[in-house]
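Residue numbers start from 1 in every chain, and the chains themselves are labelled A, B, ... in the order their sequence lines are given, proteins ahead of strands.
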2 protein chains.
Amino acid sequence: MEDDKKERIREAAIKVMAETGFFNTKTSSVAEEAGVAVGTIYNYFRSKDEILEYIFAVELKKRLTILNRLRESTEGFWGKLDRFLSYHFQEIIKQPEIGRILVREKEYPRKNGATQISGYLQKIPEAIELMLNEAMERGEIGKHKAKVVAAIIFGAVQGVVEKTVNTDDFSLLTTAAQDLVELLKKGL
Amino acid sequence: MEDDKKERIREAAIKVMAETGFFNTKTSSVAEEAGVAVGTIYNYFRSKDEILEYIFAVELKKRLTILNRLRESTEGFWGKLDRFLSYHFQEIIKQPEIGRILVREKEYPRKNGATQISGYLQKIPEAIELMLNEAMERGEIGKHKAKVVAAIIFGAVQGVVEKTVNTDDFSLLTTAAQDLVELLKKGL
DNA sequence: AGTGCATGAATGACGGTTCATTCATATGTT
DNA sequence: AACATATGAATGAACCGTCATTCATGCACT
């Protein structure tokens, strides 16, 4: 049995939690799926909560890296948005379980105070809001309430992901980025 | 102490579950909030799950009634959508806890098989999809994939509600219906 | 022979549900 | 009107299954 236990546990947790939801997931199931003993999990994570937190951290870091890279590019707003959404949707096509977890477990209140999750998650709509404001100043898009628009975009993305994972119709996601960008471009 | 225990329990559950989330809500807390004994809950509900199911049933029935009434009216698509969204957002302004629960607890996998919740909830985007198709046939809006658009609208609505309850900024909701309709009207 | 990771049975807290009991109110009887 | 009895809603302490977490022991590699 080879190494990188932490990664093995993360992948197992993604699989099991996507299936049954965080609260109905037993650490013993995660252990079994990962092929390790229950106790081993606790050599790498302080608690069950921390596993979920780690899952979010990994995924959101990937997306924020993309967003920051895009911010610096000279591309127009719509190109940036299209790139970002395409990346996000591709990731979910590759691993639908991630989609399930991201839409389902976000923001759920945990027993012992807040986790980092909300904090991490906030940053995505914030980044979009920032890009929106820049685009408005450049006159690339008309004046709108960036906050509301960001919430709409963020929500629309989740809506499409949700529909996809609920119906297992991944064809939706292959064109969703263009569909959405097109709609928004005309709309704003 | 007057009557209608079931209603008292429903209201208490809304309050407590909005605060702590379904899975962190103890039946004893609901009982306390409702001013009844724990056992009394079980005279009106078979389980904790059933309380949540009932909360959804009540709220979704209200919304589906509106939607069906609108379907029969001769009003155009955009008027209908505006009316529906206005109603929904007003309800959440009146009782933000409902908003929290609707966006957070939807579709969460329960231990003992499926609940009615997903089934009920499906009907909203379905109704929107239907209205969209009718509007496209009438030529009121251009041809689009109704399924994707319905998912986008449904998601966008949730996004705005989520933003609102997370920031406690209810001013968002007062104009959100018009903002959203306007954006979509131009976009489609 | 010491260090570090892995193990999984044991532990203990927690909380949903049950049910024997209480109690308020209604009904019937004189 | 006074009393007896029946009904079923309300109660909450106790029960019991369910896990998250711990830790004593085993194992491997240096």
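Defined by atom type and a distance below 3.5 Å, a donor-acceptor pair is present between the side-chain atoms of B:Tyr108 and A:Glu105. Between the side chains of A:Thr25 and A:Lys48, no donor N or O sits under 3.5 Å from an acceptor N or O.
Across the protein-nucleic acid pair, B:Phe45 atom CZ and C:dG16 atom P stand 15 Å apart, rounded to whole Å. Rounding to whole angstrom units, CD of residue B:Glu32 and C1' of D:dG12 are separated by 13 Å. Taking atom NZ of B:Lys6 as the reference point, atom P of D:dA10 lies 13 Å away to the nearest angstrom. For B:Ile41 and C:dT18, the CD1 to C1' distance is 13 Å, given to the nearest whole Å. Between the NZ atom of A:Lys5 and the C1' atom of C:dG4 there is a distance of 12 Å, given to the nearest Å.
Under 4.0 angstrom from either OP1 or OP2 of C:dA6 there lies at least one side-chain N or O belonging to A:Asn43.
Aromatic pair B:Phe23/A:Phe22: ring centres not closer than 6.0 Å.
Under the 4.0 Å criterion applied to side-chain N and carboxylate O atoms, A:Glu126 and A:Lys123 are not assigned as salt-bridge partners.
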| request: At under 4.0 Å between heavy atoms, which parts of nucleotides 14-30 of chain D does protein reach? Answer with one letter per nucleotide, 5' to 3': B base, S sugar-phosphate only, - none. | output: -----SSBB--------
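A donor-acceptor pair under 3.5 Å links the side-chain atoms of B:Thr167 to the main chain of B:Lys163, judged by distance alone. Distance alone, capped at 3.5 Å, is enough to place a donor-acceptor pair between the B:Ser86 side chain and the B:Asp82 backbone.
Backbone-only contact: A:Tyr44 has heavy atoms under 4.0 Å from sugar-phosphate atoms and none from a base.
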